Amino acid sequence: MRNKIVAGNWKMNKNLEETAALLATLSAKLPDTGAEVMVAPTFVNLPGAVRDLESSKIEVIAQNMHFAENGAYTGEISGSMLQSIGIDTVIIGHSERRAYFGETDEILAKKVTAALARGLRVMFCFGEELEDRKSDNHFAVVERQLKNALFSLDAGAWSKIILAYEPVWAIGTGETASPEQAQEMHAFIRKTITDTYGGSIADNVSILYGGSVKPGNASEIFSKPDVDGGLIGGASLVADDFIAIINAI
Ligand code: 13P
């Protein structure tokens with residue numbers, strides 16, 4: 001059965017001191033909901049976060065990785081480096097990486113393959129832009145993103161995949177997909193996976209929703225049958241808000 005997951009993507013926020021303070025508050029207040037809870041601080045703060053959360057149930061995950069094992073890629077970080085500091089899960093394909101850093105479906109497929117080859121768990125992000133939804137292309141865009149990055153994988157690889165559907169128009173805008181829009185897309189995603197890999201794999205993959213999830217709207221979104229949790233940006237930077245969203249699961 002698929003897991004419920006609430007993850008905080010801290011993006012490029014929080015320095016060393018602020019990271020330690022937020023982690024301390026989150027570990028002290030973490031409710032036991034049965035859901036997996038994850039946080040993704042910036043790269044420089046990952047080793048400290050792993051140490052700080054050693055005896056906590058919160059998992060520290062990374063926001064990105066390069067597909068190469070090592071080499072002349074100035075400024076980049078590899079999967080094996082992440083594993084060497086105790087990271088087991090990496091976010092790949094965030095829309096900000098696609099939009100601002102030129103990450104194409106082809107690059108993302110290489111990253112996913114490299115992460116899985118190392119035994120990392122992948123939280124794969126995807127989602128349509130506003131124009132795609134307005135022109136009724138949102139299902140086709142999501143299907144293309146999934147197929148190009150994930151549908152060459154062996155069936156066995158899916159036990160290491162978490163999906164995060166994040167419509168770009170809802171990220172950081174305060175405009176959330178309605179619970180019905182989220183459910184409609186999540187059901188479509190599960191059907192698309194069923195068509196290629198069968199119902200058992202589709203039923204067992206956790207599909208998170210991301211995009212302006214707040215304490216006030218989390219319960220309704222999480223109550224939908226195909227929504228297995230959330231990937232939270234802004235609200236995960238405020239301890240009480242993130243705790244309230246965890247409680248909503
Ligand atoms: P917001 O929750 O700030 O909209 O960000 C969502 C997101 O991009 C998480 O990865």
Side-chain angles (χ1 to χ4, degrees), residues 4-14 18-19 22 26 35-43 45-46 49 58-65 82 87 89-103 108 111-112 115 120-130 132-133 138 141-142 145-146 149 161-179 181-182 185-186 189 206-222 224 227-249:
K4 300 273 186 198
I5 299 170
V6 181
N9 175 9
W10 293 2
K11 308 188 180 183
M12 196 174 74
N13 293 293
K14 304 282 177 194
E18 292 161 347
T19 297
L22 182 52
L26 289 177
E36 287 184 66
V37 176
M38 306 171 179
V39 290
T42 60
F43 281 123
N45 290 318
L46 287 178
I58 303 174
E59 181 184 351
V60 180
I61 70 173
Q63 297 178 17
N64 180 33
M65 60 169 262
L82 294 175
I87 300 288
T89 306
V90 58
I91 296 173
I92 290 177
H94 194 280
S95 65
E96 288 147 18
R97 301 291 321 168
R98 296 174 191 255
Y100 307 143
F101 302 97
E103 297 197 359
L108 296 174
K111 289 189 176 204
V112 170
L120 283 158
R121 206 154 58 137
V122 170
M123 183 182 290
F124 183 74
C125 300
F126 56 98
E128 82 281 2
E129 298 190 29
L130 188 57
D132 303 322
R133 188 160 276 266
H138 46 301
V141 167
V142 160
Q145 290 172 328
L146 287 173
I161 301 277
I162 301 161
L163 298 178
Y165 167 62
E166 300 201 301
V168 177
W169 49 272
I171 295 178
T173 58
E175 189 174 342
T176 325
S178 69
Q181 284 173 320
M185 184 57 89
H186 284 222
I189 293 162
S206 299
I207 309 178
L208 316 185
Y209 168 79
S212 296
V213 177
K214 306 286 175 206
N217 60 23
S219 297
E220 220 191 326
I221 296 172
F222 293 166
K224 294 296 176 190
V227 178
D228 305 308
L231 179 55
I232 321 299
S236 71
L237 298 169
V238 180
D240 287 345
D241 287 358
F242 193 48
I243 296 289
I245 292 169
I246 296 166
N247 269 317
I249 200 82

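Since the structure is predicted, the reported quantities are computational estimates derived from the model, not experimental observations. Order of appearance sets the numbers: ligands from 1, and atoms from 1 within every ligand. Positions are given from 1, in the same order as the sequence printed here.
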- Message: Angle between ring planes, Y165 versus F126, binned at 30° and 60°: parallel, tilted or perpendicular?
- Response: tilted
- Message: On a heavy-atom basis, I'd like to know which of K214, E175, M123, K11 is closest to atom 8 (O) of ligand 1.
- Response: K11
- Message: Suppose I only count heavy atoms of S212 and a 4.0 Å limit; which atoms of ligand 1 are within that range?
- Response: 1 (P), 2 (O), 4 (O)
- Query: With atoms numbered from 1 as shown, which atoms in ligand 1 lie under 4.0 angstrom from a non-hydrogen atom of G172?
  - Reply: 1 (P), 3 (O), 4 (O)
- re atom 2 (O) of ligand 1, the protein heavy-atom contact at minimum distance is G233 N, 2.9 Å
- Query: Does the Y209 side chain pair with the main chain of A177, one donor and one acceptor, at a distance under 3.5 Å?
  - Reply: yes
- Query: Can you tell me how far the CD atom of E166 sits from the CD atom of E96, to the nearest 0.5 Å?
  - Reply: 8.0 Å
- Message: With the threshold set at under 4.0 angstrom, would you say G210 reaches ligand 1 through any of its heavy atoms?
- Response: no
- Message: Below the 3.5 angstrom mark, is there an N/O of E166, backbone or side chain, next to an N/O of ligand 1?
- Response: yes
- Query: For G234 and ligand 1, does the shortest N/O to N/O distance drop below 3.5 Å?
  - Reply: yes
- Item | Min N/O separation I171 to ligand 1 under 3.5 Å | no
- Query: Given the rule in the side chain to side chain contact (heavy atoms under 4.5 Å, CB included) test, do H138 and V142 qualify, once you have shown the distances and angles that lead to the verdict?
  - Reply: CA-CA 6 Å; H138 46 301; V142 160; 5.6 Å; no
- Element-labelled atoms of ligand 1 that are located less than 4.0 Å from some non-hydrogen atom of G211: 4 (O), 6 (C)
- Note on the structure: Within 4.0 Å of some non-hydrogen atom of L231, the atoms of ligand 1 are 9 (C), 10 (O)
- Keeping the roles fixed (side chain from E103, backbone from G93), state whether a donor-acceptor pair exists under 3.5 Å. no
- Message: Please report whether ligand 1 has a polar contact with T173, defined as an N or O pair separated by less than 3.5 Å (distance criterion only).
- Response: no
- Is there a side-chain contact between D228 and H186 (heavy atoms, below 4.5 Å)? no
- Message: Can you tell me which portion of A170 lies within the under-4.0 Å heavy-atom range of ligand 1? Options are side chain, backbone, both, or neither.
- Response: backbone
- Query: Between R121 and E36, does at least one N-O distance fall below 4.0 Å, as a salt bridge requires?
  - Reply: yes
- Message: Any nitrogen or oxygen of N9, side chain or backbone, less than 3.5 Å from one on ligand 1?
- Response: yes
- Query: Does I162 offer a backbone N or O that forms a donor-acceptor pair with the side chain of S206 under 3.5 Å?
  - Reply: no
- Query: N/O of A235 under 3.5 Å from N/O of ligand 1, yes or no?
  - Reply: no
- Any side-chain donor near an acceptor of the partner, W10 and Q63, under 3.5 Å: no
